[in-house]
Amino acid sequence: MITLSQQLNNSNLGWDVAKQPNPCLWKGVTCSKSSLITQLSLSGFALSTDKLPVVCAISSLHSLDLSINNLSSISDFIKDCGAIHGLKIGELTNLGVLILSENNLNGGIPTNLFSISTLSRFAANHNNFSGSIPGGLTRYVKNLDLIYNKLTGSILEDLLSFKNLQTVDLSYNLLEGSIPDKMSPSLVRLRLRSNSLNGVIPSANFATLEKLTCLELDNNSFTGMMPPELGDCQTLTLLNLAQNKLNGSLSAQLGNLRSLQVMKLQLNNLSGDIPVQFSLLKNLSQLNISWNSRTGLIPSSFSNLQELTNLSLQHNYLSGSIPDSIRNMNSLTELQLGENQLSGRIPSLPVKLQIALNLISNLFEGSIPHSLSSLTGLEVLGLSNNKLSGKIPVFFFTQMPTLTQLILSNNQSSGIVPKFTLFVSVNISGNPNLIPAPNTFPELAKKKMPVAVSIITAVAAGVLAARVIIFIYLSIPRCFYFFWIILSNFLTENEIHKSNISFTKAMETIANPLNIFLKTKFSTYYKSIMPSGKSYFIKKLNRSDKIFQNDKFEQELEIIGKLNHSNVMTPLAYALTKDSAYLLYEYAQTCTLFDILHGINGSSMDWESRYSVAVGLVQGLAFLNGCTSGPILLLDLSSKNIMLKSLKEPQLGDIELCKVIDPSKRIGSLSTVAGSVDYIPPVPEFAIACVSVLPRKAKDECCATDATKC
């Protein structure tokens, strides 16, 4: 360990033999009771391969974490350990965990690494490994994580079959071919998302997978029917087969998945009726069968799904009426039934609906029911392209205070259109019998005016109209020039986000200042409701500001868009105009940490929530500080740009500023572009977790002593 500390010579590690001669007390080192070194964590210290071979001399080592470094070749590391054909089981004979994630590792996965019989966990995600997955890789390994690499070829027959194998994640690679028939009976999680896998999903082995809890095969090219044998996986909690080419009907056996919480089958070609046995899935919280070819009725027994929060059945061929029993689904917050053939009148609906109620493009008729007024938390209501008639009720703006978008186009509504507040986006086009709300000006048409007065009025109106036209002609190009998109691009590979996001709608959103959600020192956040009903954040950055380096803007955004951490806001897409950049993010359903701490929305944080937020922030900061593309320093870290997905799930915002600000145009020092008051780098960023969430007295005591203990 002394030799290793001398070779690494890394000030961030703080390994100083003179100050602390006992390596067991060094940072990142864990020892057994008999002072044998068992765990070594060197994560995030910009280490290179040539400084690590001495690790092989630590024969008692059980866990080695080398993630978030600058390693480029694991093969060189193995060879330098002294065995050109692999480690000899006298070197690292006790190694059980090897973590190499988020480095620059490339080439093939070395086969000799897996001759270590004690190695049970191998994680090397977010690297550049290429080539095929070697045979025998999981002979000893129980937990394998290779997501976000460039692996090609097929999955070999033995990869999933070794009896001790528990978890496999090969998502976001370039794998082809089919899934092997034989799988380990110990398998708990299998994730093969976003590859190019094809063929049918094997059915013979599912009855033996008694421990399987997670199966994710979405965004591939699987064909054929969903295996009925999936219903034998009694422990399954997550089933995601979305975005494939599956066809045929759904088996009633799927109703046996009594532990299932999430079922995602959207974007396939599934047909037939929805099995009534789905009503037996009492733990189900999300059900998405949208964008398929389902027919028949919505089962009335769906009201038994009392845990269901999101139900998406849009873009199918469902017919009949919405069952009255649906009102009893007390947990439902989102109901997507658009683009079907549903008919009849709109029944009473669950009062907790909040995200969206989508009934667009169906055959509903009759008047808009007063029962909708009970949906006091609803944000988006889509009723367009139906046969609804009668007046537009006034309760839309008197009893539905959270409503932000009302889509009533292409119906048979009549009467006077109520005046809505500026906060509600209303579309009533295609209703020829609607009458605009009366204005406050006299109705001159009903009065007889002298001919001379009429002529003068007409001439004056003509002159005014001409001036208005000229003004518009000269002004519009200038006004809208800033909204002309010169480049737009998606950063996410998620097809759901790609189908939801509309750049045109994004530009409409930022044109209205009433859509502003938040302003920070460098950016403005807008809340945008897309045509699908989904909400997204749009962040506006002023590219004309001299501190931004526009020549690297696109390149840096592409890098940042590949980051993946639950406590970091990662952009999904961006659009560039002449003077501005617009970044799109997932919408945080709660609010900012600032709002919670200051009681702006009436909520408060208990100690458990404060602790969870503090831990989440530190984890996010550690991730950013150790990025392989270079540490990401937050120039404006404050409670105002920490979004909360829930009271215990924080997300760091404005992470791209460090990458797109030109250091040569910082006048004097970094402090000239520092963000909010109370935070100027290089104050230790983890201290903000303390500053943000602790009461003043505890905060002062904590930060005055040791911020790392917060």
Donor-acceptor under 3.5 Å ([X] side chain, [Y] main chain):
X	Y	answer
Q306	N328	yes
N244	F222	yes
N288	S290	yes
N330	L332	no
N340	L318	yes
N358	L337	no
N567	Q651	no
N195	N220	no
N310	L287	no
N247	N269	no

With side chains defined as the heavy atoms from C-beta onward, is the minimum distance between [X] and [Y] less than 4.5 Å?
X	Y	answer
E365	L388	no
D654	K539	yes
L378	M400	yes
D218	K264	no
L572	E586	yes
V262	S285	yes
M530	L584	yes
L335	L349	yes

| request: Give the intermediate values and the outcome of side chain to side chain contact (heavy atoms under 4.5 Å, CB included) for residues R193 and L217. | output: CA-CA 5 Å; R193 309 178 63 190; L217 308 177; over 6 Å; no

Can you list the residues that meet the side chain to side chain contact (heavy atoms under 4.5 Å, CB included) rule with [X], with sequence neighbours excluded?
X	answer
E508	T504, K505
S300	P323, S325
N431	N411, S413, L434
I516	P513, K519, T524, Y526

Pairwise distance [atom1]([X]) to [atom2]([Y]) - rounded to 0.5 angstrom:
X	Y	atom1	atom2	value
M263	L284	CE	CG	6.5 Å
L372	L406	CG	CG	10.0 Å
S221	Q243	OG	CD	9.5 Å
N316	T295	CG	OG1	9.0 Å
L270	S249	CG	OG	9.0 Å
R345	S371	CZ	OG	11.5 Å

For a quick test of reading the model, state the closest non-hydrogen atom pair linking [X] to [Y] and the distance between them.
X	Y	value
N292	L267	ND2-N, 4.0 Å
L260	L238	CD1-N, 3.8 Å
M226	L246	CG-CD1, 3.9 Å
I360	N362	O-ND2, 3.2 Å
T570	G561	CG2-O, 3.6 Å
L342	S319	CD2-O, 3.5 Å

| task | Examine H497 together with F490 and report whether their ring centres are nearer than 6.0 Å. | result |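 Distance test on ring centres: not under 6.0 Å, no.
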
| query | So, do Y525 and F517 have ring centers that fall under 6.0 Å from each other? | reply |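 No, they do not, as the ring centres are separated by 6.0 Å or more.
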
| said: Is it true that, when you exclude K498 itself, more than 12 heavy atoms of the residues, nucleotides or ligands shown sit nearer than 6.0 Å to its NZ? | reply: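 Yes, enclosed.
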
For [X], give me all partners under salt bridge (Lys or Arg N to Asp or Glu O under 4.0 Å), at least two apart in sequence or on another chain.
X	value
R327	none
E339	none
K527	E379

| message | I need the full list of ring-ring contact (aromatic ring centres under 6.0 Å, His included) pairs touching residues 290-338, with sequence neighbours left out, sorted by first then second residue. | response |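 Sorted result for residues 290-338: W291-H315.
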
| task | Only pairs at least two apart or in different chains count here, so list each ring-ring contact (aromatic ring centres under 6.0 Å, His included) that has a residue in residues 337-364. | result |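 Applying ring-ring contact (aromatic ring centres under 6.0 Å, His included) to every pair that reaches into residues 337-364, excluding sequence neighbours, yields nothing.
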
| Sole residue of Y582, Y585, Y587 in ring-ring contact (aromatic ring centres under 6.0 Å, His included) with F537 |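 Single pass found, and it is Y587.
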
| said: Quiz question: by atom type and distance under 3.5 Å, do the side chains of S429 and N427 form a donor-acceptor pair? | reply: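 Yes - a donor-acceptor pair under 3.5 Å links their side chains.
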
| task | Please determine, by modelled atom types, if S194 and N219 share a side-chain donor-acceptor pair under 3.5 angstrom. | result |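 Yes.
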
| query | Can you list the steps and then say if L357 with V380 is a side chain to side chain contact (heavy atoms under 4.5 Å, CB included)? | reply | CA-CA 6 Å; L357 171 58; V380 179; over 6 Å; no

| query | Stepwise, does the side chain to side chain contact (heavy atoms under 4.5 Å, CB included) test hold for S528 with N515? | reply | CA-CA 7 Å; S528 179; N515 292 323; over 6 Å; no

| task | List the steps, then state whether salt bridge (charged side-chain N to carboxylate O under 4.0 Å, His left out) holds for E334 with K534. | result | CA-CA 10 Å; E334 180 180 19; K534 292 290 187 181; 2.9 Å; yes

| message | Can you list everything that forms a side chain to side chain donor-acceptor pair (under 3.5 Å) with E307? Sequence neighbours excluded, please. | response |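 Side chain to side chain donor-acceptor pair (under 3.5 Å) check on E307 returns nothing, list empty.
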
| task | Not counting sequence neighbours, which residues clear side chain to side chain donor-acceptor pair (under 3.5 Å) with N489? List them please. | result |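 With sequence neighbours excluded, N489 shows a side chain to side chain donor-acceptor pair (under 3.5 Å) to E558, given in chain and number order.
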
Under 3.5 Å, sequence neighbours excluded: what are the donor-acceptor pairs made by side chains of residues 272-282?
| from | atom 1 | to | atom 2 | distance (Å) |
| --- | --- | --- | --- | --- |
| S279 | OG | V276 | O | 3.1 |
| S279 | OG | S301 | O | 3.3 |
| S279 | OG | S301 | OG | 2.5 |

